[in-house]
Student: 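Could you have a look at this structure, given as structure tokens, before my questions?
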Amino acid sequence: MRSSQTLTIDERSLIVALFSTLESHYGWFDWWPSDDHYEVMLGSILVQNTNWRNAQKSLDNLQEDLSPLAIEEMDLTLLAQKIRSSGYYNQKAKKIKAVTQWFANYEYQIEKVRQCSVEQLRAELLSINGVGGETADVILTYAIGKPSFVIDAYARRIFSRFGHQVPKSYETFRNQMQQAIQPETKTYAYYHGLMVEHGQQFCLTKPKCEFCPLVATCRRVGVD
Ligand code: SF4
């Protein structure tokens, strides 16, 4: 029996074709709104279960303390208050402290982090309390610059409507994407951006299929 992790030629073609159509429609853009690797790490936690606007408000409140040393020294309760706008602020404050503690193992030097393999770093990030697959992959791709495909709710929705049998498991779906798309940081960063953009512009909860660039090939599974 075929493992659900191994893609058929048809599944691989479907994934490649979907991204290729979205690339033609949206063109190239840089996705994550910051070049500061530590700010990206914090943003990946702050945006959990909320939108970017709320996460950005929290980052703005931290503006004068946006360095790992300042966050390391900051009282946990004060940190939680400063990031209130992003919701779940007590848990998120603990997660930010935990990711900062992990970064301290590398003396807060991103170049030292980059010397390690993506596999090692992903395992380390996943072992941090409160860091799941999506957050780990965002940190790897956007903060560290190592290619690790980010799966989110938009990717699940778009691919399942398009006609791909999306596995429940985050890891299995990510592995499928990584089989279909060559690991390259810029591409993975861009493709996650395409999923978010498309999920917000066309493939909404109530999809706008009539105007969607994928309508000619999409099977519209589950869409009335
Ligand atoms: S055609 Fe409709 S269901 Fe398919 S991707 Fe576009 S918006 Fe989503």
Side-chain angles (χ1 to χ4, degrees), residues 2-34 40 43-56 86-87 132-142 146-224:
R2 183 177 73 87
S3 152
S4 63
Q5 303 233 4
T6 314
L7 287 177
T8 62
I9 291 171
D10 284 352
E11 286 170 328
R12 189 185 296 259
S13 308
L14 178 147
I15 294 170
V16 171
L18 186 148
F19 279 118
S20 162
T21 306
L22 292 186
E23 276 192 57
S24 306
H25 179 79
Y26 291 98
W28 168 258
F29 56 85
D30 260 330
W31 177 244
W32 200 270
S34 170
V40 175
S44 73
I45 292 164
L46 292 168
V47 80
Q48 290 175 353
N49 304 307
T50 190
N51 57 42
W52 182 254
R53 198 158 34 90
N54 291 335
Q56 185 61 56
S86 64
E134 185 177 341
T135 304
D137 294 328
V138 165
I139 292 175
L140 284 163
T141 301
Y142 295 96
K146 301 265 184 187
S148 195
F149 205 98
V150 179
I151 299 295
D152 66 352
Y154 293 120
R156 288 192 166 279
R157 184 159 76 201
I158 295 163
F159 272 95
S160 58
R161 285 175 173 172
F162 196 76
H164 179 59
Q165 282 201 337
V166 174
K168 279 203 181 86
S169 149
Y170 182 98
E171 293 301 311
T172 308
F173 193 20
R174 172 181 171 272
N175 287 344
Q176 289 187 343
M177 291 298 198
Q178 297 211 160
Q179 280 175 59
I181 315 289
Q182 283 296 314
E184 211 268 314
T185 307
K186 260 192 155 185
T187 307
Y188 280 12
Y190 174 44
Y191 279 12
H192 172 54
L194 284 176
M195 291 288 95
V196 178
E197 209 54 44
H198 195 64
Q200 292 181 347
Q201 288 198 32
F202 295 98
C203 208
L204 307 150
T205 312
K206 196 170 181 299
K208 297 178 181 170
C209 301
E210 198 185 336
F211 308 105
C212 175
L214 295 172
V215 71
T217 44
C218 180
R219 288 173 58 194
R220 302 177 67 229
V221 176
V223 175
D224 297 332

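In listed order, ligands and their atoms are each counted from 1. Not measured: the values here are computed from a predicted model. Counting begins at 1 with the first residue of the sequence.
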Student: Under 4.0 Å from a heavy atom of Arg161: give me the atoms of ligand 1 that qualify, with their elements.
Tutor: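 Checking each atom against Arg161, I get 3 (S).
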Student: Are any side-chain N or O atoms of Tyr188 and backbone N or O atoms of Ile181, one a donor and one an acceptor, separated by less than 3.5 Å?
Tutor: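 Yes, because the side chain of Tyr188 sits within donor-acceptor range (under 3.5 Å) of the backbone of Ile181.
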Student: Look at Cys218 and state whether any of its N, O or S atoms is less than 2.8 Å from atom 4 (Fe) of ligand 1.
Tutor: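 Of the N, O and S atoms in Cys218, at least one lies under 2.8 Å from atom 4 (Fe) of ligand 1, which means yes.
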Student: Starting from atom 6 (Fe) of ligand 1, find the nearest protein heavy-atom neighbour and note its residue, name and distance.
Tutor: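 Answer, as residue, atom name and distance: Cys212 SG, 2.4 Å.
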Student: Give a yes/no answer: is there an N/O/S atom of Cys209 under 2.8 Å from atom 2 (Fe) of ligand 1?
Tutor: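 Yes - counting backbone and side chain alike, Cys209 has an N, O or S atom under 2.8 Å.
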Student: Decide if the gap between the ring center of Phe202 and the ring center of His25 is smaller than 6.0 angstrom.
Tutor: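 Yes: the rings meet the under 6.0 Å criterion.
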Student: Look at the rings of Phe19 and Phe159 and say which category their plane angle falls in: under 30° parallel, 30 to 60° tilted, over 60° perpendicular.
Tutor: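 If you compare the ring of Phe19 with that of Phe159, the planes turn out tilted.
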Student: Got the closest protein heavy atom to atom 8 (Fe) of ligand 1, with its distance?
Tutor: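 Atom 8 (Fe) of ligand 1 sits closest to the protein heavy atom Cys203 SG, 2.4 Å.
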Student: Specify the closest pair of heavy atoms between Gln178 and Phe149, including all atoms of both residues, with the distance to one decimal.
Tutor: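 Closest approach of Gln178 to Phe149, heavy atoms only: OE1-N, 2.8 Å.
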Student: Using only heavy-atom distances, determine whether the side chains of Tyr154 and Gln200 contain a donor-acceptor pair under 3.5 Å.
Tutor: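 There is such a pair between these side chains.
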Student: Check ligand 1 against Phe202 and write out every atom of the ligand that is under 4.0 Å from a heavy-atom position of the residue.
Tutor: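 Answer, ordered by atom number: 7 (S).
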Student: If you count every heavy atom of other residues, nucleotides or ligands that lies below 6.0 Å from Phe29 atom CZ, does the total exceed 12?
Tutor: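 Yes - once you tally the heavy atoms of other residues, nucleotides and ligands closer than 6.0 Å, there are more than 12.
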Student: Under 4.0 Å, counting heavy atoms only: does Phe162 come that close to any atom of ligand 1?
Tutor: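 Outside the 4.0 Å threshold, so no.
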